[in-house]
Amino acid sequence: MSLNFSKEQRALLINQFEILKHLDPSSTEEYDNKIEILYNGYSYFYEGIVGDVNEDLSEVVSRKVFDILDLYRDLYFSYENLAEEEQEQIEERHVIFRGFDGNEEIPYYKFAQFAVTKEGLYGEIKELIQEGKVEMNSHANRLGYYNDLLSRWKPLREELNGEKLNLEQIKHVLNK
């Protein structure tokens, strides 16, 4: 990653480091070094100043995560809405979100984790995490499977206009 700062941005960062020097006198030398880098425009060293800041998460990834979480919200609440004898035809674990691989699907995993546990979205998933029924790190690639589910669920979702899925529709989405 190559960083570039405008003069204005460099001036703001210099001011921040001047303030930090006064708040943390034990690190004065470190802050003076960063100020010198910024003052002189030594862009080669900019990454060391800002640290390991990630690139923006693509809208495609965040939209995919929301689609998957919406899918599981729909599956779970539709399952909960079924009669008990209908519920017996599907294992509950199949209608519960299974997370993303924390090693291979990192942006998806981190974004879903943040949305559910920090932003408080999808409260039912957070409750299922607390109950030990959902593990956000699946330890296995899940995107291909989720894409299959989405391909069957999205057309149904449009037809239903917010109504719950019935047993046959849930089975169709799950390919059961």
Side-chain angles (χ1 to χ4, degrees), residues 1-3 9 12-13 16 20 23 46-176:
M1 170 173 79
S2 175
L3 290 175
Q9 290 169 323
L12 290 170
L13 285 170
Q16 291 291 321
L20 286 170
L23 293 174
Y46 286 173
E47 279 191 49
I49 290 174
V50 297
D52 190 21
V53 177
N54 292 328
E55 296 291 327
D56 288 348
L57 182 67
S58 86
E59 191 172 326
V60 171
V61 171
S62 55
R63 182 71 259 151
K64 176 71 74 172
V65 168
F66 285 135
D67 284 347
I68 292 166
L69 294 175
D70 288 343
L71 159 72
Y72 275 97
R73 170 176 273 168
D74 196 18
L75 285 172
Y76 181 73
F77 285 132
S78 294
Y79 172 83
E80 290 286 307
N81 198 49
L82 295 175
E84 190 174 324
E85 57 274 0
E86 290 179 313
Q87 285 182 353
E88 291 172 2
Q89 296 182 42
I90 301 172
E91 292 182 54
E92 181 188 46
R93 68 185 177 91
H94 291 186
V95 299
I96 293 176
F97 177 62
R98 295 188 191 166
F100 292 100
D101 189 325
N103 294 320
E104 301 292 326
E105 301 165 339
I106 296 168
Y108 298 90
Y109 165 73
K110 289 172 77 174
F111 186 72
Q113 178 84 12
F114 179 80
V116 171
T117 62
K118 300 279 172 80
E119 284 297 306
L121 304 176
Y122 303 93
E124 71 281 359
I125 294 175
K126 188 171 185 175
E127 287 177 21
L128 291 167
I129 291 170
Q130 292 166 343
E131 293 172 18
K133 292 182 177 182
V134 169
E135 171 64 42
M136 293 299 281
N137 186 350
S138 65
H139 302 286
N141 291 347
R142 304 292 304 160
L143 278 174
Y145 175 72
Y146 293 151
N147 285 331
D148 288 344
L149 296 181
L150 287 170
S151 71
R152 291 185 292 275
W153 173 72
K154 282 184 175 185
L156 282 175
R157 179 181 65 171
E158 291 174 16
E159 289 176 25
L160 290 173
N161 254 352
E163 296 292 319
K164 302 271 187 264
L165 301 169
N166 63 34
L167 175 62
E168 293 310 312
Q169 291 165 328
I170 293 171
K171 286 180 175 182
H172 171 72
V173 170
L174 295 173
N175 204 22
K176 302 280 183 203

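Positions are given from 1 along the sequence. Excluded from the calculations below are hydrogen atoms, water molecules and symmetry mates; all remaining heavy atoms, backbone and side chain alike, are included.
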Task: Atom pair CG (L13) and OH (Y46), whose distance is rounded to the nearest 0.5 Å - done: 9.0 Å

Task: E104: partners by side chain to side chain contact (heavy atoms under 4.5 Å, CB included), with sequence neighbours left out - done: D101, N141

- [ ] Please list, chain by chain and in numerical order, all residues satisfying side chain to side chain contact (heavy atoms under 4.5 Å, CB included) with L167, sequence neighbours excluded.
- [x] L82, E86, Q89, I90, K171

TODO: List the atom of L150, the atom of P155, and the distance in Å for their closest heavy-atom pair.
DONE: O-CD, 4.3 Å

Task: Point-to-point distance, once rounded to the nearest 0.5 Å, from NZ of K154 to CD of E158 - done: 8.5 Å

Task: Whether N147 side chain and L143 backbone form a donor-acceptor pair below 3.5 Å - done: yes

- [ ] Answer whether the closest heavy-atom distance between the side chains of R98 and R93 falls below 4.5 Å.
- [x] yes

Task: Nearest-0.5 Å distance that lies between atom CD in E124 and atom CZ in F77 - done: 4.0 Å

Task: CD on E168 to CG on L156, rounded to 0.5 Å - done: 11.5 Å

Task: Spacing of CG belonging to L149 relative to CD1 belonging to I68, to within rounding of 0.5 Å - done: 9.0 Å

Open item on the list: I need the full list of ring-ring contact (aromatic ring centres under 6.0 Å, His included) pairs touching residues 135-176, with sequence neighbours left out, sorted by first then second residue.
Closed with: Y72-Y146, F97-Y146, F100-Y146

Open item on the list: To check you understand the geometry: which heavy-atom pair defines the closest contact between V61 and L57, and what is its length?
Closed with: CG1-CD1, 3.7 Å

- [ ] Please say whether more than 12 non-hydrogen atoms of neighbouring residues, nucleotides or ligands are located less than 6.0 Å from CD in E135.
- [x] yes

TODO: For D148, enumerate each residue passing the side chain to side chain contact (heavy atoms under 4.5 Å, CB included) test, keeping only those at least two apart in sequence or located in another chain.
DONE: R152

Task: Sequence-distant partners of F66, side chain to side chain contact (heavy atoms under 4.5 Å, CB included), two or more places apart - done: R63, F111, A115, L121, Y122

- [ ] Measure across R73 and G123 and return the closest heavy-atom pair with its distance rounded to 0.1 Å.
- [x] NH2-N, 4.0 Å

Report all side-chain donor-acceptor pairs from residues 126-133 shorter than 3.5 Å, counting only partners two or more places apart or in another chain.
| residue | atom | partner | partner atom | Å |
| --- | --- | --- | --- | --- |
| K126 | NZ | T117 | O | 3.4 |
| K133 | NZ | E92 | OE1 | 3.2 |

Open item on the list: Test your reading of the model: is there a side-chain donor-acceptor pair from S62 to the backbone of E59, 3.5 Å cut-off?
Closed with: yes

- [ ] Please name the pair of heavy atoms, one in S138 and one in A140, separated by the smallest distance, quoted to 0.1 Å.
- [x] OG-O, 2.5 Å

Task: Residues E105, R142: salt bridge by 4.0 Å N-O rule - done: no

- [ ] Measure the shortest side-chain to side-chain distance between L71 and V173 over non-hydrogen atoms and say whether it is less than 4.5 angstrom.
- [x] yes

Open item on the list: Just verifying a value: how many Å separate I125 CD1 and L69 CG, rounded to the nearest 0.5 Å?
Closed with: 4.5 Å

